[in-house]
Peer 1: 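Take this structure, written in structure tokens, and hold onto it; I'll ask about it next.
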Amino acid sequence: MKRAGGVLFALCLTLFSLGIAIFAVSYDTDSYHAFQQEHAIVEATGKNQDDLDKVNADIVRYLKTGEPILMTRNFGERECAHMTDVFSLFSLARLLCLLSAAGAAALLIFRKKERNPASASASLCSQTVVFVLLIILAFFAWTQWDTLFTTFHHIFFRNDLWLLNPETDLMIQMMPTPFFVGLAKGIAVRFIVLCLLGQGLWFLAGHRSEEESRV
């Protein structure tokens, strides 16, 4: 059971870290602005940077609140319908993030009471498996980005609303392929850092328990 606790903590930590990493990157309007400056999105969209910054703020606010007006005043019907699906996905991610945070916190509390190092090794091994899978995914993304991007959308969306026209649709003009590649990199870096910090907390919780038992 103590090994199972370590595995379960690694799972909760993985879900929590992934959720926080996604939110941190997706809600960062400064990174949107920097990307648009670097990739000449002003020319691609025909809008000035001030207008794009307002759209950026509306997108982030929509991902947090789901207020339809934030989309309808900027995008067409198909784009708005797709963003409705995206908001549903973010809502699910928020729920999973909260549940996994509660689970990880509870397991950390129990961890302080146990003295068996087996749970620490089980958690570390489980997290290592996650990192190995992430490395494989990163390699696949590096070599087959379009395939991975398409597969992701087929898994998480039950329609083709995500297929937008770069000639007419502002959303895809603002968010071309390099935008999503940058998002993926930012999420991966934050995910790894958060997982390592969480594993450090898991180790320290058990270590203190062992020190207290000796005293």
Peer 1: Quickly, which of Phe179, Phe180, Phe156 forms a ring-ring contact (aromatic ring centres under 6.0 Å, His included) with Phe149? Name it, please.
Peer 2: Phe180

Peer 1: With distance as the sole criterion, is a donor-acceptor pair present between the side chains of Asp169 and Gln173 under 3.5 Å?
Peer 2: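 No.
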
Peer 1: Should Ser100 and Leu11 count as side-chain neighbours, where that means a heavy-atom distance under 4.5 Å?
Peer 2: no

Peer 1: Given the rule that I, L, V, M, F, W and Y join up when any side-chain heavy atoms are under 4.5 Å apart, are Ile155 and Trp145 in one cluster?
Peer 2: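 Yes, Ile155 connects to Trp145 through the hydrophobic network.
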
Peer 1: Taking the six-membered ring for Trp and the full ring for Phe, Tyr or His, determine whether the centres of Trp202 and Phe9 are under 6.0 Å apart.
Peer 2: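 Yes - the distance between ring centres of Trp202 and Phe9 falls below the 6.0 Å cut-off.
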
Peer 1: Donor-acceptor pair, distance only, cut-off 3.5 Å: does the side chain of Tyr32 make one with the backbone of Ser26?
Peer 2: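 A pair under 3.5 Å: yes.
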
Peer 1: Please name the residue in the list Tyr27, Phe87, Phe90 that meets the side chain to side chain contact (heavy atoms under 4.5 Å, CB included) test with Lys64.
Peer 2: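 Of Tyr27, Phe87, Phe90, side chain to side chain contact (heavy atoms under 4.5 Å, CB included) with Lys64 is met by Tyr27 alone.
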
Peer 1: Before giving the answer on side chain to side chain contact (heavy atoms under 4.5 Å, CB included), spell out for Val55 and Asp51 the whole-Å C-alpha distance, their side-chain angles and the decisive distance to 0.1 Å.
Peer 2: CA-CA 6 Å; Val55 179; Asp51 288 337; 5.6 Å; no

Peer 1: Could you tell me if the side chain of Pro178 sits less than 4.5 Å from the side chain of His39, heavy atoms only?
Peer 2: yes

Peer 1: Pick from Gln36, His33, Arg61: which one makes a side chain to side chain donor-acceptor pair (under 3.5 Å) with Asn56?
Peer 2: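 By the side chain to side chain donor-acceptor pair (under 3.5 Å) criterion, Asn56 pairs with just one of Gln36, His33, Arg61: Gln36.
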
Peer 1: Say whether Phe152 and Met83 are linked into one hydrophobic cluster, either directly or through other cluster members, by side-chain heavy-atom distances under 4.5 angstrom.
Peer 2: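 Result: yes, single cluster for both.
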
Peer 1: Quick one: do Lys47 and Asp53 make a salt bridge, cutoff under 4.0 Å?
Peer 2: no

Peer 1: Could you walk me through whether Phe131 and Leu196 satisfy the side chain to side chain contact (heavy atoms under 4.5 Å, CB included) test, starting with their C-alpha distance in whole Å, then the side-chain angles of each, then the deciding distance to 0.1 Å, before giving a yes or no?
Peer 2: CA-CA 10 Å; Phe131 285 158; Leu196 291 175; 3.9 Å; yes

Peer 1: Could you go through Leu13 and Gln199, starting from their C-alpha distance and side-chain angles, then the distance that decides it, and tell me whether this counts as side chain to side chain contact (heavy atoms under 4.5 Å, CB included)?
Peer 2: CA-CA 8 Å; Leu13 177 62; Gln199 288 296 332; 3.8 Å; yes

Peer 1: Are Trp162 and Val86 packed together at the side-chain level, in the sense that at least one heavy-atom pair is separated by less than 4.5 angstrom?
Peer 2: no

Peer 1: Say you draw a straight line from CZ of Phe35 to CE of Met175; how long is it, rounded to the nearest 0.5 Å?
Peer 2: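 One finds 9.5 Å between CZ of Phe35 and CE of Met175.
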
Peer 1: Are the side chains of Leu99 and Leu15 in touch, meaning some heavy atoms are under 4.5 Å apart?
Peer 2: no

Peer 1: Given the rule that I, L, V, M, F, W and Y join up when any side-chain heavy atoms are under 4.5 Å apart, are Val181 and Met171 in one cluster?
Peer 2: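 Yes, same cluster.
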
Peer 1: Starting from the C-alpha separation in whole Å, work towards a yes-or-no answer on side chain to side chain contact (heavy atoms under 4.5 Å, CB included) for Leu18 and Leu96.
Peer 2: CA-CA 10 Å; Leu18 181 59; Leu96 290 175; over 6 Å; no

Peer 1: For the hydrophobic clusters of this structure (ILVMFWY residues joined by side-chain heavy atoms under 4.5 Å, transitively), does one cluster hold both Leu183 and Ile192?
Peer 2: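 Yes, same cluster.
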
Peer 1: Honestly curious: do Val130 and Ile187 fall in one hydrophobic cluster under the side-chain, below-4.5 Å linking rule?
Peer 2: yes

